> 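One structure follows; several queries about it will come next.
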Amino acid sequence: QVQLVESGGGLVQAGGSLRLSCVTSGRTFSRYTMAWFRQAPGKEREFAAAVSRSGGNTDYADSVKGRFTISRDNAKNTVYLQMNSLKPEDTAVYYCAAAQSIWISGDLRTYDYWGQGTQVTVSS
């Protein structure tokens, strides 16, 4: 089984920064496209960022582009989401996801494995 465990969430003031981490179990981490999704109360889960297997390609939702950076360290089976210039509308539970696919995707249906989520709250 593949397990994804997120960490790094918390409460931060608007304009501040957080770095989320997602550690993935298993020996095939480098074969997974990795992504971060987020879900605010009362809203659907939405795509935030994705990174290709090698880390060479990334994709971002327009709402986070220029502020968030996704990266991965395949030697550590870990994907990161660096979040800068945080806004109150970034408040959500952030989920790490893994897909057995070649290309990165913002479609949540692409993803096969999900973490439990970590809460990010941005105060205003």
Side-chain angles (χ1 to χ4, degrees):
Q1 58 181 328
V2 176
Q3 293 179 305
L4 290 73
V5 180
E6 303 98 331
S7 63
L11 175 64
V12 66
Q13 200 169 9
S17 298
L18 285 173
R19 189 182 74 161
L20 307 183
S21 299
C22 173
V23 179
T24 303
S25 67
R27 55 182 172 83
T28 58
F29 176 75
S30 63
R31 299 186 183 186
Y32 301 142
T33 293
M34 300 297 297
W36 290 93
F37 290 78
R38 63 186 187 179
Q39 188 168 22
K43 296 185 178 181
E44 297 294 319
R45 192 168 299 184
E46 66 177 12
F47 170 73
V51 61
S52 62
R53 294 175 174 181
S54 67
N57 291 307
T58 57
D59 189 31
Y60 299 93
D62 288 342
S63 58
V64 308
K65 193 172 299 181
R67 300 186 298 117
F68 290 11
T69 302
I70 188 171
S71 61
R72 66 192 296 161
D73 186 339
N74 287 347
K76 296 181 179 179
N77 283 11
T78 302
V79 62
Y80 305 95
L81 186 67
Q82 178 66 46
M83 304 184 295
N84 298 326
S85 301
L86 283 162
K87 305 174 181 179
E89 50 263 47
D90 295 318
T91 295
V93 176
Y94 283 71
Y95 296 91
C96 180
Q100 295 178 329
S101 62
I102 297 174
W103 295 281
I104 58 176
S105 173
D107 186 350
L108 61 85
R109 295 172 296 180
T110 304
Y111 293 86
D112 304 295
Y113 308 104
W114 294 84
Q116 83 289 348
T118 186
Q119 177 71 48
V120 172
T121 302
V122 184
S123 63
S124 62

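Since the structure is predicted, the reported quantities are computational estimates derived from the model, not experimental observations.
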> Is the backbone of F29 close enough, under 3.5 Å, to the side chain of N77 for a donor and an acceptor to pair up by distance?
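Judged by distance alone, no pair lies under 3.5 Å.
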
> Any ring pair (Phe, Tyr, Trp, His ring centres under 6.0 Å) involving residues 53-105? Give me the pairs, sequence neighbours left out, ordered by first then second residue.
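Every pair satisfying ring pair (Phe, Tyr, Trp, His ring centres under 6.0 Å) with a residue in residues 53-105: there are none.
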
> Should side-chain heavy atoms under 4.5 Å link Ile, Leu, Val, Met, Phe, Trp and Tyr, which residues sit in the same cluster as L11?
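The other cluster members (ILVMFWY side chains, heavy atoms under 4.5 Å, direct or chained): none.
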
> Over 60° means perpendicular and under 30° means parallel, so classify the ring planes of Y32 and Y113, tilted if in between.
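Aromatic pair Y113/Y32 classed tilted.
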
> Compare every heavy atom of L18 with every heavy atom of V12, then report the nearest pair and how far apart it is.
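Closest approach of V12 to L18, heavy atoms only: CG1-CD1, 4.0 Å.
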
> Enter the distance from T33:OG1 to D59:CG here, rounded to the nearest 0.5 Å.
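Separation between the atoms: 11.0 Å.
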
> Is there a donor-acceptor pair under 3.5 Å between the side chain of R53 and the backbone N or O of R31?
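Yes: the side chain of R53 pairs with the backbone of R31.
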
> Could you grab the distance from atom CG of N74 to atom OG of S30, nearest 0.5 Å is fine?
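Reported to 0.5 Å precision, the distance equals 5.5 Å.
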
> Below 4.5 Å, heavy atoms only, C-beta onward: do M83 and V120 meet side chain to side chain?
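Side-chain contact under 4.5 Å: yes.
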
> Is there a path of hydrophobic side-chain contacts, each under 4.5 Å between heavy atoms of I/L/V/M/F/W/Y residues, joining F47 to L86?
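No; F47 is not reachable from L86 via cluster members.
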
> For a quick test of reading the model, state the closest non-hydrogen atom pair linking L81 to A49 and the distance between them.
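Taking L81 first and A49 second, the nearest heavy atoms are CD1-CB, 4.1 Å.
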
> Run the salt-bridge test on D90 and K87 with the 4.0 Å N-O cut-off and return the result as yes or no.
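Salt bridge flag = no for K87 with D90.
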
> If you compare all heavy atoms of G56 against all heavy atoms of S52, which two are closest, and at what distance to 0.1 Å?
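Nearest heavy atoms, G56 then S52: N-OG, 3.3 Å.
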
> Taking S85 for its side chain and R67 for its backbone only, find out whether a donor-acceptor pair lies under 3.5 Å.
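Looks like no, no N/O pair under 3.5 Å.
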
> What about V5 and V2, same hydrophobic cluster or not, with Ile/Leu/Val/Met/Phe/Trp/Tyr joined at side-chain heavy-atom distances under 4.5 Å?
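V5 and V2: separate clusters.
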
> Which heavy atom of T78 sits nearest a heavy atom of K76, and at what distance?
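Smallest heavy-atom distance, with atoms named: OG1-O, 2.8 Å.
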
> Any idea how Y111 and F37 line up, ring-wise: parallel (<30°), tilted (30 to 60°), or perpendicular (>60°)?
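Y111 and F37: perpendicular rings.
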
> Taking T24 for the side chain and L4 for the main chain, is one N or O donor matched with an acceptor at less than 3.5 Å?
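Not a single qualifying donor-acceptor pair exists.
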
> Checking R45 side chain against V93 main chain: does a donor-acceptor pair fall under 3.5 Å?
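Here the side-chain-to-backbone pair does not exist.
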
> To check you understand the geometry: which heavy-atom pair defines the closest contact between M34 and C96, and what is its length?
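For M34 and C96, the tightest heavy-atom pair comes out as CE-SG, 3.6 Å.
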
> Counting only N and O atoms by type, is there a donor-acceptor contact under 3.5 Å from the side chain of E6 to the main-chain atoms of C22?
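Not confirmed, E6 side chain does not pair with C22 backbone.
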
> Please report the C-alpha distance between R38 and E46 in whole Å, then the side-chain angles of each, then the deciding distance to 0.1 Å, and finally whether the side-chain contact (heavy atoms from CB on, under 4.5 Å) criterion is met.
CA-CA 5 Å; R38 63 186 187 179; E46 66 177 12; 2.9 Å; yes

> Where is the tightest heavy-atom contact between S17 and Q82, given as atom of each residue plus distance?
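Minimum heavy-atom separation between S17 and Q82: CB-NE2, 4.0 Å.
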
> Drop me the distance from S7's OG to R19's CZ, to the nearest 0.5 angstrom.
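Going from OG on S7 over to CZ on R19, the span is 8.5 Å.
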
> So, do I104 and T58 sit near enough that their side-chain heavy atoms are less than 4.5 Å apart?
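With C-beta onward as the side chain, the pair stays apart.
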
